[in-house]
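Provided herewith is a single structure, encoded as structure tokens, for subsequent inquiry.
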Amino acid sequence: MPTECVECGKRAILKRPKNRKALCKDCFYSVFEYEIHETITKNRLFKPGETIAIGASGGKDSTVLAHIMKLLNDRYDYGLNLVLLSIDEGISGYRDDSLETVKRNQIQYSLPLKILSYQELYGWTMDAIVKEIGMKNNCTFCGVFRRQALDRGAAMLKCDKIVTGHNADDIAETVIMNILRGDIARLGRCTSISTGSEGMISRCKPFKYTYEKEIVMYAHFKKLDYFTTECIYSPNAYRGHARTFLKDLEKIRPRAILDIITSGEDMAIKEEVRMPIQSTCQNCGYIASSELCKACIMLDGLNRGRPELSIGKNNKRKKILKMTAEKAKEAGKNGKLNGANAVHDISVSQDVENMF
Ligand code: SF4
Ligand code: ZN
């Protein structure tokens, strides 16, 4: 006898990865969409009239996010102005193809789209950076540049908030990685559904409790148009191990993903860790925990042909940092340091130690 849907009694066609309940397709859509709506309303993520930038990469998470944000905004009258914001890291054969998907999504969802590139913001593409530094620290550069790029794009579009497609699996993985690295200070930030303080464009994760497998299922059944290829520069072995570990746990006990997030939240609350005091970058005005923001330190290293000095903590780097900060002070009126020239007039802020 066919299994019945636990919601409506019709023939079930799937087992929900989150709790293994049998559901028909329509009931799966309803619970999936309603749970995200509940996450948004319970956590008061948005206010009517706000402009929201949807960080769109063309991948499954951000494509489903764009689809769901549009759907819920219409269905429940959130009163939000939605825009798609994409960052072009300059990775040929990967990002150029995924951006084509975003361009199609823009038409499918009738949403405005802004694409900002590393090349125009920083004068470097990831292709050029990898040529310079190899495949070891490329994601560190890319992550710092992307955080700023998203902020700058959202500031250009006068957005109140940025939403990203980070799902429950991503957050649980990051909790595991932070614990394995002994980096308890980051647990609060990585488990927060919404980050940002005064003067910052806050970031929200409406998929905080949404399982990756369900996002894939939803995208598949709804036949959404998304891009699946991995970045050609993706080494991230450490995250890969955390991911495999998490997937193994999920097989035995699907709730493990949510429980890891809760544990991360609880540990972060108990642990009173002092975060670095924040000021503004003397070169570009972005939020920073020392004289220069991370992106400016990295750009300076790249432009000097010594990118290794901008990674990690060492005395040589401190010396260079001091020199660069002095140079930035001098440059004050007449211009700025090399690179990143296009962005200096935009003064937006963001926690430099942001998780993503
Ligand atoms: Fe950038 Fe690394 Fe992600 Fe590729 S895998 S887009 S290089 S952060
Ligand atoms: Zn800076």
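Only this structure's heavy atoms are used, side chains among them; waters, hydrogens and symmetry mates stay out. As the structure is a prediction and not an experimental result, all values here were calculated from the model. We count ligands from 1, going down the list as the structure has it; atoms in each ligand are counted the same way.
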Residue-level breakdown please: for Arg146 versus ligand 1, do any non-hydrogen atoms fall below 4.0 Å on the side chain, on the backbone, on both, or on neither?
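Near ligand 1, Arg146 shows its side chain, while the N, CA, C and O stay back.
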For Cys231, take its heavy atoms, then give the atoms of ligand 1 lying under 4.0 Å from any of them.
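In order of numbering, the contacting atoms are 4 (Fe), 5 (S), 6 (S), 7 (S).
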Indicate whether the side chain of Gln108 and that of Asp225 have a donor and an acceptor atom separated by less than 3.5 Å.
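Distance-only check passes for Gln108 and Asp225.
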What are the atoms of ligand 1, with element, lying closer than 4.0 Å to any heavy atom of Ser234?
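Contacts of ligand 1 toward Ser234, numbered from 1: 5 (S).
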Strictly under 6.0 Å, is that where the ring centroids of His166 and Phe207 end up?
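For His166 and Phe207, the ring centres are not under 6.0 Å apart.
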Looking at Tyr226 versus His67, is the centre-to-centre ring distance below 6.0 Å?
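So the answer is no for these two rings.
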Looking at Phe46, is Lys161 sitting on its ring face, NZ or CZ under 6.0 Å from the six-membered ring centre and within 45 degrees of the normal?
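No.
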To which protein heavy atom is atom 2 (Fe) of ligand 1 closest, and what is the distance rounded to 0.1 Å?
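Ranked first by proximity to atom 2 (Fe) of ligand 1 is Cys139 SG, 2.3 Å.
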Sub-4.0 Å atoms of ligand 1 with respect to non-hydrogen atoms of Asn138
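Here the atoms of ligand 1 in question are 7 (S).
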Is any N, O or S atom of Cys142 under 2.8 Å away from atom 2 (Fe) of ligand 1?
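No, Cys142 does not qualify, because none of its backbone or side-chain N, O or S atoms lies under 2.8 Å.
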Flag for Tyr218-Glu33: side-chain donor and acceptor within less than 3.5 Å:
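There is such a pair (donor and acceptor under 3.5 Å, judged by atom type) between the side chains of Glu33 and Tyr218.
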